[in-house]
Asks: 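The structure that follows is given in the form of structure tokens.
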Amino acid sequence: MDALLRRCGIRLTPGQLGQLWVYHQLLRRFDAELNLTRIHNFENMVVKLYADSILPAIEYTHLPSPLLDLGTGPGMPGIPLAIFRPDLQLLLADSRTQRTDFLKTAVSQMGLPGIEVVERGIAPDFDRPVAGVITRAVEPMADTLARVAGCLQQNGSVIFMKGPACDEEIRAAATAFPADYELTDDIAYRIPHTPHQRRLVIFRRKVAPEQTVRAVSRHRIRIIESESNAVFKDLKKLHSGRGVKKLGRTLVCGQRLIEEVLERSPQRCRAWISRGDRQPPPDHAPVPMEWYQLSPELFQILDLFATRTPMVLYDTPTPATWRPAEPAPSGCSLLVPFQDPENVGAVIRSAVAFDVGRIILLAESANPFHPKAIRSSSGTVFSARLLQGPPLSEIPRDLPVIALAASGQPLAATRFPHAFALLAGMEGPGLPPRWQANAVAIPMNPEVESLNAAVATAIALYEWRRSLK
Ligand SMILES: C[S@@+](CC[C@H](N)C(=O)[O-])C[C@H]1O[C@@H](n2cnc3c(N)ncnc32)[C@H](O)[C@@H]1O
């Protein structure tokens with residue numbers, strides 16, 4: 001390692017080499033599990049990771065301190081730099097906890113007192129004063145300049161470690177904030193005795209840090225910026241009925257619906273999910289609720305209906321089990337076998353509108369708390385009386401069922417029993433043969449094969465209500 005570093009013009013003391021060796025071993029050990037680097041060959045690790053991280057301190061001798069390594073990942077360039085320049089106070093920041101956990105282990109085992117690990121994504125609300133920022137392989141320069149607006153002091157510098165082809169990025173960054181930053185240095189070099197070209201691009205901050213006017217949030221905040229964040233992975237699972245069922249939670253989307261659940265069941269609201277920190281939870285939001293601040297990209301992935309308004313992570317209730325042996329209440333019990341969550345939501349909405357006593361979700365049914373079902377139910381799913389039923393094949397034979405099918409006696413001639421169950425067929429296969437014989441039909445143009453299942457149910461419910469008058 002010493003020989004390879006010397007060839008790159010870097011001389012370390014035996015103590016520094018020892019520290020770098022400890023770090024190298026840790027990086028190797030944890031890489032298998034955490035996927036810390038794509039470079040595995042020893043010579044390449046020394047040259048392209050460690051020497052590459054140290055060279056900025058040789059090419060640009062007046063590195064500022066405290067220095068924030070933004071998006072340090074496994075510690076590049078921060079850890080080799082801290083070893084080479086123990087006089088620097090370094091803050092190593094990364095949004096991924098797996099990375100920061102590794103860094104904390106590494107820093108404590110190496111005995112590097114000047115390093116602090118910052119476990120969060122850096123955004124303009126990060127206001128720890130720093131004299132400089134260094135960053136390698138994170139994002140376009142303009143994005144970083146915006147990100148450090150709250151922490152970088154006046155006259156502080158942002159040092160970008162780049163490859164040779166970054167003229168377009170420099171131009172974009174220089175024109176993005178002409179009043180706030182000026183380009184001061186553009187230093188081109190090679191990693192000595194290699195063909196690898198590098199550029200250090202340095203911007204000076206001309207103005208004082210922005211005072212981000214932030215109300216102190218009453219909620220615990222989690223900043224989520226990585227798709228591999230465990231919380232985000234779970235949130236994404238809520239786009240499927242299976243995920244909703246497994247996690248017992250759902251996403252409530254849309255301004256009106258989130259207001260409704262905050263009002264109706266605050267104890268079920270687990271988290272407020274917003275794009276960044278611009279849309280805080282309302283004052284009446286329950287305090288135990290956390291506040292997930294997602295990066296714009298992650299928010300867009302989660303925002304199923306592209307409403308761009310915050311969402312609420314909501315604990316779903318578990319419907320009680322339907323017991324057919326128990327006497328049925330008067331009126332209609334609706335049997336729901338629909339597999340499309342939008343149909344399930346729509347039929348729940350009609351059922352509530354027509355005063356159906358109970359809605360029995362058959363095993364075939366999509367999850368009524370799927371975000372799409374919640375939306376098409378217009379929130380009625382939160383007030384409906386839902387019961388969990390068996391599969392269609394296990395519905396008791398003696399249950400008085402009025403089944404809907406394209407061929408059957410006309411709906412208008414139907415006499416609805418005092419207590420009955422209404423059943424429409426599943427979207428694809430329709431009604432099983434068992435109920436075809438006594439089915440009821442809604443008269444319509446024979447050229448249309450069938451009505452949408454939720455629409456047919458709504459018409460039947462209307463007819464039933466009318467028959468009561
Ligand atoms: C491609 S890696 C580069 C890591 C390291 N600088 C290197 O050169 O090997 C980018 C890292 O930036 C982190 N990151 C991205 N945006 C960030 C932010 N706003 N604040 C802190 N870390 C961030 C990611 O978690 C990831 O570990």
Side-chain angles (χ1 to χ4, degrees), residues 20 23-24 26-28 30-31 33-41 44-57 67-82 90-104 106-107 115-128 130 132-152 158-163 166 169 191 196 198-201 212 221-233 275-277 292-299 301:
L20 191 53
Y23 173 62
H24 175 69
L26 288 168
L27 192 56
R28 277 223 189 281
F30 285 92
D31 182 48
E33 184 192 335
L34 302 180
N35 202 8
L36 295 170
T37 173
R38 271 179 281 152
I39 301 179
H40 297 114
N41 162 289
N44 281 338
M45 287 180 84
V46 177
V47 173
K48 291 191 184 170
L49 294 179
Y50 314 146
D52 193 40
S53 293
I54 292 171
L55 283 170
L67 180 62
L68 169 70
D69 178 5
L70 191 159
T72 185
M76 244 59 80
I79 292 210
L81 261 186
L90 266 150
L91 282 78
L92 307 187
D94 205 282
S95 44
R96 289 193 268 181
T97 34
Q98 275 192 339
R99 298 281 182 276
T100 49
D101 286 348
F102 164 76
L103 290 169
K104 283 190 275 181
V107 168
I115 297 194
E116 185 186 329
V117 178
V118 179
E119 299 172 69
R120 57 162 286 177
I122 301 302
D125 70 328
F126 180 70
D127 56 7
R128 270 279 294 280
V130 294
V133 175
I134 191 162
T135 180
R136 176 182 187 267
V138 175
E139 62 186 350
M141 297 180 200
D143 294 3
T144 303
L145 294 183
R147 213 175 267 296
V148 299
C151 64
L152 184 62
V158 188
I159 302 159
F160 292 101
M161 299 174 62
K162 292 282 169 180
C166 58
E169 243 189 82
I191 302 182
H196 308 307
R198 297 287 185 261
R199 259 164 100 172
L200 281 186
V201 179
T212 34
I221 293 177
R222 284 190 200 220
I223 296 176
I224 305 180
E225 301 195 312
S226 159
E227 265 202 77
S228 53
N229 176 291
V231 174
F232 183 71
K233 282 188 177 164
R275 187 170 180 271
D277 60 357
Y292 299 165
Q293 299 177 359
L294 268 54
S295 67
E297 302 75 41
L298 297 193
F299 187 84
I301 295 174

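When a ligand or atom number is given, it counts from 1 through the structure's own listing order.
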Asks: Taking 4.0 Å as the limit for heavy-atom contacts, which would you say applies to E139 with ligand 1: side chain only, backbone only, both, or neither?
Replies: neither

Asks: Side chain or backbone of M161 under 4.0 Å from ligand 1, or both, or neither, by non-hydrogen atoms?
Replies: neither

Asks: Once salt bridge (Lys or Arg N to Asp or Glu O under 4.0 Å) is applied, do any residues pair with R147, and if so which ones, sequence neighbours excluded?
Replies: E139, E225

Asks: Hey, does D94 come in under 3.5 Å of ligand 1, counting only N/O atoms on both sides?
Replies: yes

Asks: What is the closest protein heavy atom to atom 23 (C) of ligand 1, and at what distance does it sit?
Replies: S95 OG, 3.5 Å

Asks: Tell me: protein heavy atom nearest atom 1 (C) of ligand 1, and distance?
Replies: A137 O, 3.1 Å

Asks: Please list the nearest protein heavy atom to atom 7 (C) of ligand 1 with its residue and the distance rounded to 0.1 Å.
Replies: R136 NH1, 3.2 Å

Asks: Restricting to ring-ring contact (aromatic ring centres under 6.0 Å, His included), what partner residues turn up for F102, sequence neighbours left out?
Replies: F30

Asks: Out of D143, T97, T72, whose heavy atom is nearest to atom 5 (C) of ligand 1?
Replies: T72

Asks: Does I122 reach ligand 1 with a nitrogen or oxygen that is under 3.5 Å from one of the ligand's nitrogen or oxygen atoms?
Replies: yes

Asks: Just jot down the ligand 1 atoms closer than 4.0 angstrom to any heavy atom of G121, in number order.
Replies: 18 (C), 20 (N), 21 (C)

Asks: Any heavy atom of S226 sitting closer than 4.0 Å to ligand 1?
Replies: no

Asks: Is it the case that ligand 1 has an N or O less than 3.5 angstrom from some N or O of R147?
Replies: yes

